[in-house]
There are 4 protein chains.
Amino acid sequence: MGEQQAWPEQEARRQEILWAAAQVFAAKGFHAARMEEVAERAGVAKGTVYLYYPSKEALFLATLEAILTQWLDQLEQAAAGPGTARERLCSLLEANFTLANRHASLICLAAQESEAWSLRAQVGEAEKERMRSFVVRLTGGIQGVLQEGIQAGELRPDLDVEVAVAMVLGTMHAYNLRRLHQREDLPARELAGRVVDLLLAGMKG
Amino acid sequence: MGEQQAWPEQEARRQEILWAAAQVFAAKGFHAARMEEVAERAGVAKGTVYLYYPSKEALFLATLEAILTQWLDQLEQAAAGPGTARERLCSLLEANFTLANRHASLICLAAQESEAWSLRAQVGEAEKERMRSFVVRLTGGIQGVLQEGIQAGELRPDLDVEVAVAMVLGTMHAYNLRRLHQREDLPARELAGRVVDLLLAGMKG
Amino acid sequence: MGEQQAWPEQEARRQEILWAAAQVFAAKGFHAARMEEVAERAGVAKGTVYLYYPSKEALFLATLEAILTQWLDQLEQAAAGPGTARERLCSLLEANFTLANRHASLICLAAQESEAWSLRAQVGEAEKERMRSFVVRLTGGIQGVLQEGIQAGELRPDLDVEVAVAMVLGTMHAYNLRRLHQREDLPARELAGRVVDLLLAGMKG
Amino acid sequence: MGEQQAWPEQEARRQEILWAAAQVFAAKGFHAARMEEVAERAGVAKGTVYLYYPSKEALFLATLEAILTQWLDQLEQAAAGPGTARERLCSLLEANFTLANRHASLICLAAQESEAWSLRAQVGEAEKERMRSFVVRLTGGIQGVLQEGIQAGELRPDLDVEVAVAMVLGTMHAYNLRRLHQREDLPARELAGRVVDLLLAGMKG
DNA sequence: TATGAATGAGCGTTCATTCAT
DNA sequence: GATGAATGAACGCTCATTCAT
């Protein structure tokens, strides 16, 4: 009952502004981004932005959350399916690389600034906590895949899970950054395969 | 002797300012950093900074270069010694983690902003090239270690070197970021060992 | 009707700022004038000035142009009427002296700085050309009066027109400067008559 | 007795600085001129300038005085000789045009800024008085020539001396300004002749 | 609700002036 | 005396935020 009436108009506007902000923040970073450009991109007047978000900082944090949520949702969904650990890792990485092809700048923004913001003194503790929770959720997801792989006998029982998680995340990030710098798309599926091959088999001769 | 008089005092001041700038830029990023804070931290007046660096941008670029040079020098030196690929990778990672314990924020600054700056339109092509050369030098160094490991028969002859480099760098960066967020030091030697073990042996059961 | 709506309010504000700027520039010169004082005199905040003029230099050039245009318009109009050369020169001088009584500082500003600016390297060639065109227009106007006087037989056929123009302009300027320094108004009509008498009759006994 | 021993070194240095200042002030105007450039041109260090002149303003006023004194001395000397009023006026104008060929910017600087400075609130009354005395001396000199010409019967007994002085000065200034803008020298002697011819004979047909 | 003109705190940079050497 | 590195007040300009319409 009514828990979802909302005002469709309003919410649409909110989203438009949020998306515009994501573009601008991704392109310029927090400080160099200008509220006017956000407004322009959203097709509204400067003052209107303030009807939906009380300040630049609030808009930024909302943007960050939206991006991270979306990204995490996609990654989790990719890793959620049944299948072997190898398959699920492949899906995870492929999903990330595919997203990077479309939104490299957003993902890098999120990866970089979210860290920076959870450190800043002036950000409220509640906000910081929410930022940290994303990291927990991300690492937790990968950890889950790995541990189930161990239990299934597919991965080494003595696997150093903590390091393995860092390795997966780090490799993802390294390619996201690369995508940011070169024009051409990452070959998502192939690349995911190569990464997982190496992760599983190791480098030893 | 005496071939080293030249700037006894001047160069010291230059370094003081550079170091102060590194602190501030690392803590705030380029745009949020204020020249006055740099000056304060260096113990000089605002105008003095401009006697040594002609603009905020120039100071930033100089800071970036100094940090990157130092970091790369240490990593290369660590990886340069004789020994097996395993040993050299361990040294490399240990060196990085040790540096991260002392200068996590600087390393992260360099890693993040150097990328961003090589993209910006207003930065001179010469500066961009220098920034890019750091990336080349870094990846080249790791590549060298791996290829020599292959030739020595220590690493798989069919090793996917490109992906392996990304994996090493990514893992390093992942831990540098982690160090940025938690207070306690990374156990550099132990952690390097664990990472290399996993890299070499792989995750497969 | 109504073809004049457009900017009812905006243009008024623009003019207010321009006029305030004219006062300040006239009193202090370009470099010593402060944008904040311009804003104060116009009754707006500092930032508002920049909504109408993109920089101090642009504001100055606009100011100069407005003053020169107004001044030249009035002089040309005065000299345009029918009548003998004597009458037209009288009108011209009287118009100038009358204006000097009201705006001596502006006229002197224009006379002095417009010259200086058409020399400066950093001013765009287009702007320089516009400044130069004012000088051409001014000298051209006086020249016209003199040449028509010659053709009408009222002035000597061998009149040294070039020198005569300089003499008229120089005398005008000399009195404009004098007005700048003393409080009391120039007796415009009488003075114009005395100047023209001397110009025509010469000093010879 | 000793009233003139002076320290030859010191006075030479003072003059060097003064002359350098004249160049810089003439080229840039008071506010845009920088003390460092004055020092450079004088071949001394920035601080040294302050050993000889206590402030930028004092240096400027001293510069103005030196220029004006020199200029007036030369004009007076030229007008002082025996001869008819025509000859003396010719000498006067020729001297001015000759000086303008060499020092147009200085003369214009003096003409323009000296006026401006005698108006400024912050300049001491004593300084203002000295500035005004130059104007008196200049007009007085020309007035003398004219009045002697009248007494000698060479000029009209009813000559409007006040206007005539303004006319002579104005014409001089008009050509000084012109010299400032074009590269080529004024033909001093010829131009003086043409101006005096017109002044004496008038424009009437 | 939406607008965008207006605001003013804040920052990068300059440069006259000082003072330790 | 002479130097020039250091200082810091001052100014041009930006942009997040407000508010009258």
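Residue numbers begin at 1 in each chain, while the letters A, B, ... track the order of the sequences.
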A side-chain contact here means heavy atoms from C-beta on lying under 4.5 Å apart; do D/Leu106 and D/Thr63 qualify? no
Please state how far atom CZ in A/Phe60 lies from atom P in F/dA16, giving the value in whole angstrom units. 13 Å
Could you tell me the separation between the CZ atom of A/Arg34 and the C1' atom of E/dG4, rounded to a whole number of Å? 15 Å
Students often mix this up, so state it plainly: with edges at 30° and 60°, are the rings of D/Trp19 and D/His103 parallel, tilted or perpendicular? perpendicular
So which of D/Lys28, D/Lys46, D/Gln23 actually passes side-chain hydrogen bond (donor to acceptor under 3.5 Å, both in side chains) with D/Glu37? D/Lys28
So C/Phe30 and D/His31, side chain to side chain contact (heavy atoms under 4.5 Å, CB included) or not? Walk me through it. CA-CA 9 Å; C/Phe30 175 74; D/His31 268 94; over 6 Å; no
Specify the separation, in whole Å, of atom CZ of A/Arg14 and atom P of E/dA2. 13 Å
Expressed as a whole number of angstroms, how long is the span from C/Ile17:CD1 to F/dG12:C1'? 16 Å
Among E/dT17, F/dG12, E/dC11, which nucleotide has an atom closest to any side-chain atom of C/Tyr50? F/dG12
Between C/Ala33 and A/Glu57, just flag the one whose closest nucleotide in DNA chain F comes earlier from the 5' side. C/Ala33
Spacing between D/Met35 atom CE and E/dT18 atom C1', to the nearest angstrom: 13 Å
Atom pair distance, as rounded to whole Å: CG in C/Leu59 and P in F/dC11: 16 Å
Any base atoms under 4.0 Å from A/Ala58, or only sugar-phosphate, or nothing? Heavy atoms, all strands. nothing
Under 4.0 Å between any heavy atoms, over every strand shown, what does A/Ala32 touch: base, sugar-phosphate, or nothing? Just pick one. nothing
What nucleotide among E/dT17, F/dT17, F/dG12 has an atom nearest to a side-chain atom of A/Lys56? F/dT17
Verdict with reasoning, D/Leu180 to D/Ile107, per side chain to side chain contact (heavy atoms under 4.5 Å, CB included): CA-CA 10 Å; D/Leu180 194 59; D/Ile107 295 172; over 6 Å; no
Whichever of C/Phe30 and A/His31 has the more 5' nearest nucleotide on DNA chain F, that residue is C/Phe30
Show, in sequence, the C-alpha distance, side-chain angles and deciding distance for B/Arg130 and B/Leu61, and conclude whether the side chain to side chain contact (heavy atoms under 4.5 Å, CB included) test is met. CA-CA 10 Å; B/Arg130 286 167 91 174; B/Leu61 258 12; over 6 Å; no
Dot-bracket notation for DNA chain F is requested: 5' to 3', Watson-Crick or G-U wobble pairs only, both distances under 3.5 Å, with ( ), [ ], | and . as defined. .||||||||||||||||||||
Check the angle between the aromatic planes of B/Phe60 and B/Phe25 and answer parallel, tilted or perpendicular using the 30° and 60° thresholds. perpendicular
Using a 4.0 Å heavy-atom cut-off, write out nucleotides 3-8 of chain F from 5' to 3' as B (base contacted by protein), S (sugar-phosphate only) or - (no contact). BBSBBB
State which residue, out of C/Arg13, C/Glu11, C/Gln15, C/Glu16, fulfils the side-chain contact (heavy atoms from CB on, under 4.5 Å) condition with C/Tyr52. C/Arg13
Apply side chain to side chain contact (heavy atoms under 4.5 Å, CB included) to residues B/Lys56 and B/Val38 and explain how you reach the verdict. CA-CA 10 Å; B/Lys56 186 183 182 183; B/Val38 172; over 6 Å; no
